[in-house]
Protein chains: 2
Amino acid sequence: MSTEFQDIKSHITNLIQMNEEVFNLALGHFTLKHIKKGDYLVTEGTIAKHIAYIRKGLFRTFYLKDGNEVNTCFCMENSMTTSHESFVNKKASTEYIQALEDATIISLSHESLLSLYESNSEWVELSRLLTEVECARLTERIKALSFETAKEKYLHLLTSQPKVIQRVSIQHIASYIGVSRETLSRVRSQISQLQ
Amino acid sequence: MSTEFQDIKSHITNLIQMNEEVFNLALGHFTLKHIKKGDYLVTEGTIAKHIAYIRKGLFRTFYLKDGNEVNTCFCMENSMTTSHESFVNKKASTEYIQALEDATIISLSHESLLSLYESNSEWVELSRLLTEVECARLTERIKALSFETAKEKYLHLLTSQPKVIQRVSIQHIASYIGVSRETLSRVRSQISQLQ
DNA sequence: AGAATCAATTGACATATGTCACATTATTGC
DNA sequence: GCAATAATGTGACATATGTCAATTGATTCT
């Protein structure tokens, strides 16, 4: 097996016990892709036909609200991303997924996933687990939004996703936690003064 | 089949194509229970060992934050409720589920569900679908929390869950949408004046 | 039915945050 | 490397909302 699929293998076998042979049979369904910073994996109105395992890079998910972008997710190395509802239900996506850095992904189509379901039930179970992961992510986001003040929201993100704060611009973080970028800027300067 | 299980059967066969025989084999696992207003299905720190189909009544899910209750979900007739993460992962619940009205539920234990998994794979698929429903609920809640003003949040709930507003006290709704009950009270009087 | 408890309303006030405007600093592209 | 563009930081100000307190209205329980 080429080394480029080694990390997705670890990622999957970390979630679920899977025989090496079973995994290797899926290799033909995987496609390695390079995505340029600023490019989109998914856009509003289209159906997300692939799920992407991120080998390198960083993506944001956002939707448009009154013409403004609202970020809902940041995904980086060693995780999977897609417009979940669109991918699962084959319906038009309400959101965009954009690369914030040059990225390398391993792409798996919905068709491929269905044929893997047929070949081995472990792929069904993996799908169920990925839905559970999505639930956990949504729960985490609800928590992030439920904090009362901008400062609390930022400090929470600082501990729950420190790498996001290191790599994502302040305007995108502000949008994610639901405060204006000016307020977040003031919160940050206030915090750095205290230290 | 006694009539008391007719509605849960409709509910399940609405989600997934299921042979009548397959469903009937599960009947022995269902338990009918009556819950008094104010009583709890799940409390913080315990493991949610059952999932409940609600035949009658209304439940709220909440957690404690700095000693204050924060509502996260209202469930009523013809839907299922449990502390999802606790039930799925067999870990201590971080939330409470309380009856806001006298209720009748049909209860299914985690053990029973696992044995149904063995008997027929349609129950596995049902489980995945219930997780998708949970995802949709969480997404809806994120949307509710993402509106900017108290008025927008309330008006959204008014259209998305009108029955909740009819049956749930204002203090619980305020907690759900993340505003103080005083503010919600003012928002409501403002809205009724305009009409 | 009446007492007691709980829920909702309303007023006064302090404040966190959004918005606009502009200055400053980074980043990008040629 | 330099111009152009984008991102971030700050000040001034208006306002939506939380908090506290007091009142009114509704439920509950014996």
Side-chain angles (χ1 to χ4, degrees), chain A residues 35-39 57-58 60 62 65-71 74 98-103 144-158 164-195, chain B residues 35-39 57-58 60 62 65-71 74 98-103 144-158 164-195:
Chain A
I35 314 285
K36 284 244 169 284
K37 174 176 179 175
D39 284 354
L58 172 61
R60 71 169 174 132
F62 68 94
K65 182 176 171 179
D66 308 328
N68 298 312
E69 299 177 356
V70 180
N71 293 322
F74 300 107
Q98 184 188 37
L100 291 179
E101 303 172 357
D102 287 351
L145 289 174
S146 297
F147 283 95
E148 283 174 10
T149 68
K151 193 174 176 181
E152 281 178 316
K153 290 176 180 179
Y154 181 72
L155 287 174
H156 174 73
L157 192 65
L158 206 56
V164 164
I165 288 185
Q166 287 164 27
R167 287 166 71 175
V168 175
S169 71
I170 230 175
Q171 56 176 344
H172 284 143
I173 292 172
S175 164
Y176 180 77
I177 64 178
V179 302
S180 71
R181 70 185 170 78
E182 291 94 332
T183 295
L184 183 55
S185 175
R186 290 184 178 103
V187 164
R188 277 174 89 225
S189 71
Q190 190 194 341
I191 289 171
S192 62
Q193 273 180 352
L194 295 178
Q195 286 165 348
Chain B
I35 313 286
K36 283 243 170 282
K37 173 175 178 175
D39 283 356
L58 171 61
R60 69 169 175 133
F62 68 94
K65 181 174 172 181
D66 309 327
N68 299 313
E69 299 177 356
V70 180
N71 293 321
F74 299 107
Q98 185 187 36
L100 291 178
E101 304 172 356
D102 287 350
L145 289 173
S146 297
F147 284 95
E148 283 173 10
T149 67
K151 193 176 177 179
E152 283 177 314
K153 289 176 181 180
Y154 181 71
L155 287 175
H156 173 72
L157 192 65
L158 207 55
V164 164
I165 289 184
Q166 286 164 26
R167 286 167 72 175
V168 175
S169 71
I170 229 174
Q171 57 176 342
H172 284 143
I173 291 172
S175 164
Y176 180 78
I177 65 179
V179 302
S180 71
R181 71 190 161 78
E182 291 94 333
T183 294
L184 183 55
S185 177
R186 289 184 179 103
V187 164
R188 278 172 90 223
S189 72
Q190 191 194 340
I191 289 172
S192 63
Q193 272 179 354
L194 296 177
Q195 286 165 347

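Below, chains carry the letters A, B, ... as their sequence lines are ordered, and counting in each starts from 1.
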Give, for atom [atom1] of [X] and atom [atom2] of [Y], the distance between the pair rounded to the nearest 0.5 Å.
{"X": "B:Lys37", "Y": "B:Leu58", "atom1": "NZ", "atom2": "CG", "answer": "10.0 Å"}
{"X": "B:Gln166", "Y": "B:Leu158", "atom1": "CD", "atom2": "CG", "answer": "9.0 Å"}
{"X": "A:Arg188", "Y": "A:Ile165", "atom1": "CZ", "atom2": "CD1", "answer": "8.0 Å"}
{"X": "B:Thr183", "Y": "B:Gln190", "atom1": "OG1", "atom2": "CD", "answer": "11.0 Å"}
{"X": "A:Leu184", "Y": "A:Ile173", "atom1": "CG", "atom2": "CD1", "answer": "6.5 Å"}
{"X": "B:Leu100", "Y": "B:Ile35", "atom1": "CG", "atom2": "CD1", "answer": "13.0 Å"}

Determine whether a donor-acceptor pair (N or O, by modelled atom type, separation under 3.5 Å) exists between the side chain of B:Asn71 and the backbone of B:Phe62. no
Donor-acceptor pair, B:Gln98 side chain versus B:Gly38 backbone, under 3.5 Å? yes
Would you tabulate the pairs of protein nitrogen or oxygen atoms and nucleotide nitrogen or oxygen atoms of nucleotides 5-10 of chain D closer than 3.5 angstrom?
unit_1	atom_1	unit_2	atom_2	d
D:dA7	OP1	A:Gln171	NE2	3.1
D:dT8	OP1	A:Ile170	N	3.0
D:dT8	OP2	A:Gln171	N	3.3
D:dG9	OP1	A:Arg188	NH1	3.2
D:dG9	OP2	A:Ser185	OG	3.0
D:dG9	O5'	A:Ser185	OG	3.3

So do the side chains of [X] and [Y] get within less than 4.5 Å of each other, counting heavy atoms only?
{"X": "B:His172", "Y": "B:Phe74", "result": "yes"}
{"X": "B:Thr149", "Y": "B:Val187", "result": "no"}
{"X": "B:Tyr176", "Y": "B:Leu157", "result": "yes"}

Applying a 4.0 Å non-hydrogen cut-off, can you work out what B:Gly38 is touching in the nucleic acid: base, sugar-phosphate, or nothing? nothing
Which part of the nucleic acid, if any, lies within contact of A:Thr149, taking any heavy atom under 4.0 Å across all strands shown: a base, the sugar-phosphate backbone alone, or nothing? sugar-phosphate
Does B:Tyr154 have any ring pair (Phe, Tyr, Trp, His ring centres under 6.0 Å) partners at least two apart in sequence or in another chain, and if so, which? none
Boundaries of the DNA chain C segment in contact with chain A, non-hydrogen, under 4.0 Å: C:dT17 to C:dT28
Going by the rule side chain to side chain contact (heavy atoms under 4.5 Å, CB included), which residues pair with A:Arg186 if we only count those two or more places apart in sequence or in a different chain? A:Glu182
N/O-N/O pairs, protein side and nucleotides 25-30 of chain D side, under 3.5 Å:
unit_1	atom_1	unit_2	atom_2	d
D:dT28	OP1	B:Lys37	NZ	3.1

What's the angle between the local helix axes at either end of the helix from C:dA1-D:dT30 to C:dC30-D:dG1, using five pairs per end and rounding to 10 degrees? 70°
